[in-house]
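Data block below; observations after.
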Protein chains: 2
Amino acid sequence: MSAREQPVKEQRRTRQRAAVDEVLDETDDFISAQELHSILRSRGASVGLATVYRTLQALADDGRVDVLRTGGGEAAYRKCARDEHHHHLVCRSCGATVEIAGPAVERWTSSVAKEHGYVDVAHTLEIFGTCPKCAGQS
Amino acid sequence: MSAREQPVKEQRRTRQRAAVDEVLDETDDFISAQELHSILRSRGASVGLATVYRTLQALADDGRVDVLRTGGGEAAYRKCARDEHHHHLVCRSCGATVEIAGPAVERWTSSVAKEHGYVDVAHTLEIFGTCPKCAGQS
DNA sequence: CCAGTTTTTGACAATGGTTGTCAGTTTACC
DNA sequence: GGTAAACTGACAACCATTGTCAAAAACTGG
Ligand SMILES: [Zn+2]
Ligand SMILES: [Zn+2]
Ligand SMILES: [Zn+2]
Ligand SMILES: [Zn+2]
């Protein structure tokens with residue numbers, strides 16, 4: 001969703017953070033904190049729920065993962081391939097995600113904002129749908 | 001955010017629904033259910049919080065108000081001027097809203113989705129910034 | 001206006017995701 | 001090893017939102 005900068009404050013390497021990071025690396029879909037937590041449980045690597053939330057929050061703040069709010073209002077996280085600003089085409093049912101870039105949209109949003117005198121502009125854009133796989137099995 | 005169709009099921013006219021509708025008519029910014037509720041309280045027209053939520057929900061379902069999730073994850077509602085599908089340019093600081101339409105974006109999102117085989121597609125797009133008025137007085 | 005039927009209301013409980021607390025544990029560094 | 005500082009986790013607390021259900025209001029036909 002957004003490119004990030006320098007900060008990356010001092011952080012210690014812990015078993016828990018490594019575990020969360022590992023799951024994120026292996027997962028291609030957007031997943032919620034709770035889902036990530038239960039994946040960890042099911043694989044034996046016990047990590048407190050609060051820690052999962054804190055870790056994801058930190059990663060998101062550093063721009064190392066993308067966040068989006070699902071229809072139900074929960075936050076979903078994903079470690080994206082590209083580092084530059086981009087958007088997502090997400091399956092409502094299974095979370096399957098396609099990263100998409102739209103230079104034209106970027107230009108349009110900033111020109112519209114400028115046109116109305118707005119500054120310090122940002123935007124959110126996500127496309128939701130049902131992926132081919134989920135559509136097949138009704 | 002979206003145009004709506006026929007249903008508009010049988011509903012009774014009640015003091016509470018009229019009160020909510022009135023506040024929406026007078027308010028030009030996006031407001032949350034809780035804010036709307038406290039406005040009603042402060043003006044003496046007592047309406048239960050659950051009723052406010054239900055009423056807004058119904059209005060949103062019928063497409064008579066637009067909804068957007070704020071950064072904090074709460075839903076904000078607004079009765080927009082135009083009835084067709086459109087998006088918003090919202091001031092982060094004061095909530096001032098400009099309705100915007102972008103046919104090109106609409107085409108782009110659906111073509112991208114189709115291209116990847118996704119069906120039953122929808123999208124969210126909001127632009128946030130600081131309006132001229134708020135930018136002037138730092 | 002009246003009684004009957006159906007919808008709506010609201011106080012309150014319950015939910016569910018997320019964050020705060022804080023003592024005990026772990027890490028980083030000398 | 002020893003210490004300071006960061007981290008963890010069980011659990012409570014939050015807070016927006018939804019569910020419950022008996023009482024109240026809106027409609028309808030007479
Ligand atoms: Zn899917
Ligand atoms: Zn963009
Ligand atoms: Zn403003
Ligand atoms: Zn659109």
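Values reported hereafter were calculated over all heavy atoms of this structure, with side chains retained and with hydrogens, waters and symmetry mates removed. Below, read A as the first sequence line, B as the second, and so on, with proteins coming before strands; counting in each chain starts at 1. The structure displayed is predicted, hence computed values, not measured ones.
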Proximal nucleotide (of C/dG10, D/dC7, D/dG9) relative to the A/Val47 side chain: D/dG9
Length of the line joining B/Tyr77:OH and D/dA16:P, which is rounded to integer Å: 12 Å
Length of the line joining B/Arg69:CZ and D/dC15:C1', which is rounded to integer Å: 13 Å
Separation of D/dT8 P from A/Leu40 CG (nearest whole Å): 12 Å
Value in whole Å for how far the C1' atom of D/dT8 lies from CZ of A/Arg41: 15 Å
Short side-chain N/O contact from B/Thr14 to OP1 or OP2 of C/dT8, under 4.0 Å: no
Nearest-angstrom distance from the residue atom CD of A/Gln11 to P of D/dA5: 18 Å
Short side-chain N/O contact from A/Arg17 to OP1 or OP2 of D/dC7, under 4.0 Å: yes
Shortest side-chain distance from B/Leu49, nucleotide among D/dT17, D/dT8, C/dG20: D/dT17
Side chain of B/Arg12 (C-beta onward), nearest among C/dT26, D/dA10, D/dC27: D/dC27
d(CG, B/Leu56; C1', C/dT8) in whole Å: 16 Å
Nucleotide C/dT18, atom C1' - distance to CD1 of A/Ile31 in whole Å: 16 Å
Pair B/Asp120 + A/Arg92, salt bridge at N-O below 4.0 Å: yes
Verdict with reasoning, B/Arg64 to B/Asp83, per salt bridge (Lys or Arg N to Asp or Glu O under 4.0 Å): CA-CA 8 Å; B/Arg64 302 227 289 283; B/Asp83 206 31; over 6 Å; no
Touch class at under 4.0 angstrom, heavy-atom based, for A/Ser32 against every strand present: nothing
Sugar-phosphate, base or nothing in reach of B/Gln57, heavy atoms under 4.0 Å: sugar-phosphate
Between C1' of D/dC14 and CD of B/Glu74, the distance in whole Å: 13 Å
A/Arg15 side chain near D/dG9 phosphate (N/O to OP1/OP2, under 4.0 Å): yes
Phosphate contact (D/dT17 OP1 or OP2) by B/Tyr53 side-chain N/O below 4.0 Å: yes
Closest non-hydrogen atom pair, B/Glu99 against B/Ala81: OE2-N, 2.9 Å
Value rounded to 0.5 Å, distance of CG in A/Leu59 from CZ in A/Arg78: 14.5 Å
Sugar-phosphate only, base, or nothing, as touched by A/Arg13 at under 4.0 Å among non-hydrogen atoms: sugar-phosphate
Touch class at under 4.0 angstrom, heavy-atom based, for A/Arg54 against every strand present: base
Residue from B/His87, B/Arg69, B/His88 passing side-chain hydrogen bond (donor to acceptor under 3.5 Å, both in side chains) with B/Glu126: B/His88
Residue B/Gln16, side-chain atoms from C-beta onward, closest of C/dG17, D/dC11, C/dG10: C/dG10
